[in-house]
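Heads up, the thing below is written out as structure tokens.
For clarity, every value in this text was computed on a predicted model and none was experimentally measured.
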Amino acid sequence: MGMSEQAALSAYTKFEFAHGGRSYPVYRRGSGPAVIVMHEMPGLHPLVIRFADRVAAAGMTVFCPSFFGKPGKPVDRGYVTRTAIGVLCMRREFHVWRGDRSSPVVDWLKALARHVHAECGGKGVGAVGMCFTGGFALAMMTEPAVVAPVLSQPSLPLANLNPARAAEIGMSGEEIRCVRERMAAEDLAAIGLRFTSDRLVPDARFATYRRELGDRFEAIELSDEDAAPAIIPPHSVLTLHLKEDGPTKAAEQRVIAFFRERTGAG
């Protein structure tokens, strides 16, 4: 890692976590109940780490897996393009185009959740996915340790080339039923965040969450004027497009409060 990459993760310790034939590095910081922070495209960049820092500062232990890209490397257009092409073409652990079941990497994430809950305690584990990983947090709820899922701009399955995928959420009917039953039995909920103009997160996808989860799905939907300027159109609610005041900041604070309350940190 270069100097800037090292600086972004200087407060973190790193370990490898292996399960089911898959192994990824995980970066950890803080104390208290566990929250798993899954990065967006193109990787575990400094603004994802900034969000994780804020969760740690609020009294929780953050665990940041690195699935692709270079941990700590800042975002630029070339980096986004190169990583996206590599992931779309090569990575079998993500179901990029099909939305009728969860991605294979979700099994690894559920094992990580069990591991960190046993270590950190609390009521359970929080999880936030962003963009490519956005829907994973809800699919992780088939693991009993996961109690606080947050879906930030959930972009899989990709619907821009296949509009038939727009309403799909990357979970099987059985997985959705399991989550619904847990939410009712344990009084749990989920938060979803998106910019309403974002073509990667279609209206139909949030309609599916509302239909399947009812009032246990809290939708935070933002307009373009709420977004900070960035190299891409409004998309990344908690990172690139977060303003330090106004609706995106309120969304960030709501997510952190949700984690504190549900994991038992608050």
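- Looking only at side-chain heavy atoms (C-beta outward), Leu47 and Leu242 stay at 4.5 Å or farther from each other.
- Taking CD of Glu181 as the reference point, atom OG1 of Thr142 lies at 12.0 Å (rounded to 0.5 Å).
- Taking a cutoff of 4.0 Å between a charged side-chain nitrogen and a carboxylate oxygen, Glu221 and Arg210 qualify as a salt bridge.
- We find the OG1-CG distance between Thr83 and Leu88 to be 10.5 Å, quoted to the nearest 0.5 Å.
- Shortest non-hydrogen contact noted between Val37 and Met130 is CG1-CE, 4.1 Å.
- Using a 4.5 Å heavy-atom threshold, the side chains of Thr263 and Lys123 count as separate.
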* Show your working on side-chain contact (heavy atoms from CB on, under 4.5 Å) between Val147 and Arg182 and close with a plain yes or no. => CA-CA 9 Å; Val147 297; Arg182 277 200 67 204; 3.9 Å; yes
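- Looking at heavy atoms from C-beta onward, Val201 lies in side-chain contact with Ser155 at the 4.5 angstrom threshold.
- Minimum interatomic distance between Ala159 and Arg205 (heavy atoms only, all atoms of both residues): CB-NH2, 4.1 Å.
- No hydrogens or angles considered: a donor-acceptor pair under 3.5 Å links the side chains of Tyr24 and Glu93.
- Of the listed residues (Leu238, Val255, Thr239), just one forms a side-chain contact (heavy atoms from CB on, under 4.5 Å) with Ser152, and that residue is Leu238.
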* Passes side-chain contact (heavy atoms from CB on, under 4.5 Å), Val128 versus Phe259? Steps please. -> CA-CA 10 Å; Val128 56; Phe259 286 149; 3.8 Å; yes
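- Residues Met38 and Phe15 share a single hydrophobic cluster, defined by chaining ILVMFWY side chains whose heavy atoms lie under 4.5 Å apart.
- Classification of Asp245 and Lys243 as a salt-bridged pair fails, no side-chain N sitting under 4.0 Å from a carboxylate O.
- When ring centroids are compared, Phe195 and His235 stay outside the 6.0 Å threshold.
- Taking Ala34 as the reference, Phe63, Val116, Cys120, Val125 meet the side chain to side chain contact (heavy atoms under 4.5 Å, CB included) condition, with sequence neighbours excluded.
- Tyr27 and Ser66 make their closest contact through CE1-CB, 4.3 Å (heavy atoms, listed as atom of the first residue, atom of the second, distance).
- Distance OG1/Thr133 to CZ/Phe94: 8.0 Å, rounded to 0.5 Å.
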* Asked: What do the steps show when you test Val146 against Met141 for side-chain contact (heavy atoms from CB on, under 4.5 Å), and what is the final call?
  -> CA-CA 5 Å; Val146 178; Met141 277 194 79; 4.1 Å; yes
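- A heavy-atom distance below 4.5 Å is not found between the side chains of Val26 and Lys14.
- Relative orientation of the Phe68 and Phe132 rings is perpendicular, given thresholds of 30° and 60° on the angle between their planes.
- Of all the heavy atoms in Pro33 and Gly59, the pair that sits closest is CD-O, 3.8 Å.
- Between Phe67 and Trp108, a ring centre-to-centre spacing shorter than 6.0 Å is recorded.
- Using a 4.0 Å cut-off between a side-chain N of Lys or Arg and a carboxylate O of Asp or Glu, Glu175 and Arg101 do not qualify as a salt bridge.
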* **Worked verdict on Leu138 versus Val179 for side-chain contact (heavy atoms from CB on, under 4.5 Å)** => CA-CA 8 Å; Leu138 192 66; Val179 169; 3.9 Å; yes
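- His115 contributes atom NE2, which lies 5.5 Å from atom CZ of Phe17 (distance to the nearest 0.5 angstrom).
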* To do: I would like to know whether Thr248 and Asp226 meet side chain to side chain donor-acceptor pair (under 3.5 Å); could you show each step before the answer?
  => CA-CA 6 Å; Thr248 52; Asp226 300 328; over 6 Å; no
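- Salt-bridge formation is detected for the pair Glu252/Lys249: a Lys NZ or Arg NE/NH1/NH2 atom is positioned less than 4.0 Å from an Asp or Glu carboxylate oxygen.
- Looking only at side-chain heavy atoms (C-beta outward), Glu212 and Phe217 stay at 4.5 Å or farther from each other.
- Atom-to-atom distance recorded for Lys73:NZ and Tyr79:OH is 6.5 Å, nearest 0.5 angstrom.
- Between Glu168 and Arg98, no side-chain nitrogen of the basic residue sits less than 4.0 Å from a carboxylate oxygen of the acidic one, so the salt-bridge criterion is not met.
- The closest side-chain heavy-atom distance from Val80 to Ile232 is not below 4.5 Å.
- With rounding to the nearest 0.5 Å, the separation of CD1 in Ile49 from CG in Leu44 is 4.5 Å.
- Residues passing the salt bridge (Lys or Arg N to Asp or Glu O under 4.0 Å) test with Arg22, sequence neighbours excluded: none.
- Of all non-hydrogen atoms in Asp187 and Arg262, the two that sit nearest each other are O-NH1, 2.7 Å.
- Taking the ring axis of Phe206 as reference, the NZ or CZ atom of Arg194 stays within 45° of it and closer than 6.0 Å to the ring centre.
- Under the 4.0 Å criterion applied to side-chain N and carboxylate O atoms, Arg28 and Glu16 are not assigned as salt-bridge partners.
- No side-chain heavy atom of His241 sits under 4.5 Å from any side-chain heavy atom of Val237.
- Under 3.5 Å, the side chains of Glu40 and His45 contain a donor-acceptor pair of N or O atoms.
- In this structure, the side chain of Ser103 engages the main chain of His95 through a donor-acceptor pair within 3.5 Å.
- Smallest separation of non-hydrogen atoms from Ala251 and Ile220: CB-CG2, 3.9 Å.
- For the salt bridge (charged side-chain N to carboxylate O under 4.0 Å, His left out) condition, the pairs that include at least one residue of residues 129-156, sequence neighbours left out, are Arg114-Glu143.
- Between Arg54 and Ile256 the shortest side-chain heavy-atom distance falls below 4.5 Å.
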